[in-house]
Amino acid sequence: MIPLKTYGEYSDLVISCGGREYHMHRAIVCTQSEFFSATCRGSFKARKIDLPDDDPRLVHIMVHYLYHFDYDVRLQHERSGFDGLEMDGYETNVNEPAADALLTHAKIYALAEKYLIRGLKAVALRQFKAAATVSLDIDDILGAALVVYESTIEDDRGLRDVVVETLCKHSEWLDEEKVRDVVKELGALTYDIVIYMRQKHRFF
């Protein structure tokens, strides 16, 4: 965890999304994100970067990660107008299960790729793997599979391999029409499943 009491103190960069402004530090943000580093170098006088096309909740989690090197999908803030408040303002609701955890991890992975934050991608992958081992909800897996295959390139095997392995371990799910629909829709997923089964000598 970065030993800073507040975000606002000595901040020299503002990242805004969905009406929230995060008063941050270039030395922390730019050393972890190639995107923000290039943006700040290209327009050094610009102290504010707006992210209008991103999900505010995911950006909130991304900001938290940049200072804590980890995140919880249950992360929330006690006030709606975050503006350089103490880092203690971040809270997780431990009394409620993480809704759509797999889907959230997949989206955070995509956000990390967009802003070239390698550390966040690694954490999102680790948490996605962990969530996949405990989630036996077909709808969660299918929702995550759609996001994964629509937001990652073929050579980015991290999340894709987890989706394929999970589906193959629960081959009985293929009896479900909704699973078959997704497999038919995602040609790359179909291909990956066939290759996985061949490598595991599942064919006779």
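Any value given below was found using the heavy atoms of this structure, including those in side chains, with hydrogens, waters and symmetry copies removed.
With sequence neighbours excluded, the residues that form a salt bridge (charged side-chain N to carboxylate O under 4.0 Å, His left out) with E165 are K169. Applying the salt bridge (charged side-chain N to carboxylate O under 4.0 Å, His left out) test to D50 and every residue at least two apart in sequence or in another chain returns nothing. In terms of the side-chain hydrogen bond (donor to acceptor under 3.5 Å, both in side chains) criterion, residue partners of S37 (sequence neighbours excluded) are, by chain and number, R41. In this structure K114 satisfies the salt bridge (charged side-chain N to carboxylate O under 4.0 Å, His left out) test together with D54, sequence neighbours excluded.
Partner of V164 under the side chain to side chain contact (heavy atoms under 4.5 Å, CB included) criterion, chosen from I195, L189, V148, L159: L189. Between H60 and the options Y22, Y71, Y65, a side chain to side chain donor-acceptor pair (under 3.5 Å) holds for only Y22.
Here the SG atom belonging to C17 is positioned 13.0 Å from the CZ atom belonging to R57, to the nearest 0.5 angstrom. The line from CZ of F128 to CG of L102 is 5.0 Å long, rounded to the nearest 0.5 Å. With values rounded to the nearest 0.5 angstrom, I193 atom CD1 is found 6.5 Å from L174 atom CG. Here I61 contributes atom CD1 and H105 contributes atom NE2; the two are 8.5 Å apart, rounded to the nearest 0.5 Å. Rounding to the nearest 0.5 angstrom, the gap separating the OH atom in Y109 from the CD atom in Q127 is 14.0 Å. L120 contributes atom CG, which lies 7.0 Å from atom CG of L111 (distance to the nearest 0.5 angstrom).
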Starting from the C-alpha separation in whole Å, work towards a yes-or-no answer on side-chain hydrogen bond (donor to acceptor under 3.5 Å, both in side chains) for D161 and Y196. CA-CA 9 Å; D161 286 345; Y196 177 89; over 6 Å; no
Please report the C-alpha distance between E185 and D181 in whole Å, then the side-chain angles of each, then the deciding distance to 0.1 Å, and finally whether the side chain to side chain contact (heavy atoms under 4.5 Å, CB included) criterion is met. CA-CA 6 Å; E185 179 181 346; D181 289 341; over 6 Å; no
Salt bridge (charged side-chain N to carboxylate O under 4.0 Å, His left out), that's the test. Do E21 and K48 meet it? Break it down for me. CA-CA 9 Å; E21 290 190 346; K48 184 175 182 179; 2.7 Å; yes
Please test T166 against W173 for side chain to side chain contact (heavy atoms under 4.5 Å, CB included), starting from the C-alpha separation and ending with a verdict. CA-CA 10 Å; T166 301; W173 288 352; 4.2 Å; yes
Carefully, step by step, assess R180 and D175 under the rule side chain to side chain contact (heavy atoms under 4.5 Å, CB included). CA-CA 8 Å; R180 294 182 179 183; D175 294 333; 4.0 Å; yes
Could you check M62 against I117 for side chain to side chain contact (heavy atoms under 4.5 Å, CB included), going step by step and ending with a plain yes or no? CA-CA 9 Å; M62 178 183 74; I117 308 175; 3.7 Å; yes
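The heavy-atom pair separating L186 from A145 by the smallest distance is CD1-O, 3.9 Å. Heavy-atom minimum distance, R26 versus L13: CG-CB, 3.9 Å. The minimum heavy-atom distance linking R157 with D192 is given by the pair NH2-OD2, 3.2 Å. In this structure, A144 and A106 approach most closely via the heavy-atom pair O-CB, 4.5 Å.
For E172, the CD atom sits in a packed shell: over 12 heavy atoms of surrounding residues, nucleotides or ligands are nearer than 6.0 Å.
Linking Ile, Leu, Val, Met, Phe, Trp and Tyr whenever their side-chain heavy atoms come within less than 4.5 Å leaves L58 and V14 in two separate clusters. A chain of hydrophobic side-chain contacts below 4.5 Å, direct or via other Ile, Leu, Val, Met, Phe, Trp or Tyr residues, connects V162 to I138. Under a hydrophobic-cluster definition in which Ile, Leu, Val, Met, Phe, Trp and Tyr are linked whenever side-chain heavy atoms come within less than 4.5 Å, directly or via other members, I49 and M24 are assigned to the same cluster.
Side-chain atoms of Q32 come within 3.5 Å of backbone atoms of L66 as a donor-acceptor pair (strictly under, hydrogens ignored). A donor-acceptor contact shorter than 3.5 Å links the side chain of T31 to the backbone of I28. For T104 (side chain) and V73 (main-chain N/O), no donor-acceptor pair under 3.5 Å exists by modelled atom type.
By the 4.0 Å N-to-carboxylate-O rule, D72 lies close enough to R74 to be salt-bridged with it.
Counting only residues at least two apart or in different chains, salt bridge (charged side-chain N to carboxylate O under 4.0 Å, His left out) contacts with residues 115-126 comprise E34-R118, D70-R126, E113-K121, K121-D156.
When ring centroids are compared, F36 and Y115 come within the 6.0 Å threshold.
Clustering of Ile, Leu, Val, Met, Phe, Trp and Tyr side chains at separations under 4.5 Å places V147 together with L103.
Taking the side chain as every heavy atom from C-beta outward, C168 and M197 approach each other to under 4.5 Å.
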